[in-house]
Amino acid sequence: MTPAQLKTALGSGLLSFPVTHFDEGGAFAPESYKAHVEWLAGFDAPVLFAAGGTGELFSLTPAEIPQIVAAAKEVSGETAIVSGCGY
């Protein structure tokens, strides 16, 4: 998306902030996260904030963020993904 397209998307409706899923060992849990993001994407939110939009950013390593964003992108359909908010 261009900056102008992103600005339009951000102002066009409700935004989605899925909580990042972790397993019992504290590692990213991609399968349950993807199922959750796919469910959220069904509500036509124009933008989804991946990897830390609900406060867990400081629990993530820099290496985990691309994995989380890729998992969200894989199942989000046409929903735009925004990440890295907070760094």
Side-chain angles (χ1 to χ4, degrees):
M1 296 182 102
T2 67
Q5 290 171 318
L6 181 58
K7 181 179 176 182
T8 299
L10 285 168
S12 67
L14 294 175
L15 307 177
S16 179
F17 294 83
V19 174
T20 303
H21 292 209
F22 297 95
D23 65 17
E24 56 279 343
F28 173 54
E31 295 310 313
S32 64
Y33 179 72
K34 288 192 291 187
H36 184 67
V37 169
E38 187 172 33
W39 175 77
L40 286 172
F43 291 97
D44 297 326
V47 178
L48 183 144
F49 288 79
T54 59
E56 72 278 16
L57 177 68
F58 300 105
S59 298
L60 303 174
T61 66
E64 288 175 309
I65 293 171
Q67 297 171 6
I68 296 165
V69 172
K73 177 116 178 86
E74 184 180 326
V75 296
S76 64
E78 297 295 316
T79 305
I81 305 293
V82 174
S83 71
C85 298
Y87 270 115

Starting at [atom1] of [X], measure out to [atom2] of [Y] and round the result to the nearest 0.5 Å.
X	Y	atom1	atom2	result
Leu10	Phe49	CG	CZ	5.0 Å
Glu74	Glu38	CD	CD	9.5 Å
Asp44	Ser16	CG	OG	11.0 Å

Could you list the donor-acceptor pairs under 3.5 angstrom formed by side chains in residues 63-72, with sequence neighbours left out?
{"unit_1": "Glu64", "atom_1": "OE1", "unit_2": "Thr61", "atom_2": "N", "d": "2.8"}
{"unit_1": "Glu64", "atom_1": "OE1", "unit_2": "Thr61", "atom_2": "OG1", "d": "3.4"}

Pro18 to Leu40 - nearest heavy-atom pair and separation | CB-CD1, 3.4 Å

Nearest atoms (heavy-atom pairs only) where Ser76 meets Ile81 | OG-CD1, 3.6 Å

According to a 4.5 Å side-chain heavy-atom criterion applied to Ile, Leu, Val, Met, Phe, Trp and Tyr, with indirect links allowed, do Phe58 and Tyr33 form part of one hydrophobic cluster?
-> yes

Does the side chain of Leu60 reach to within under 4.5 Å of the side chain of Phe22, using non-hydrogen atoms?
-> yes

Would you say Lys34 has more than 12 foreign heavy atoms packed within less than 6.0 Å of its NZ?
-> yes

Is it the case that more than 12 heavy atoms not belonging to Glu78 sit under 6.0 Å from its CD atom?
-> no

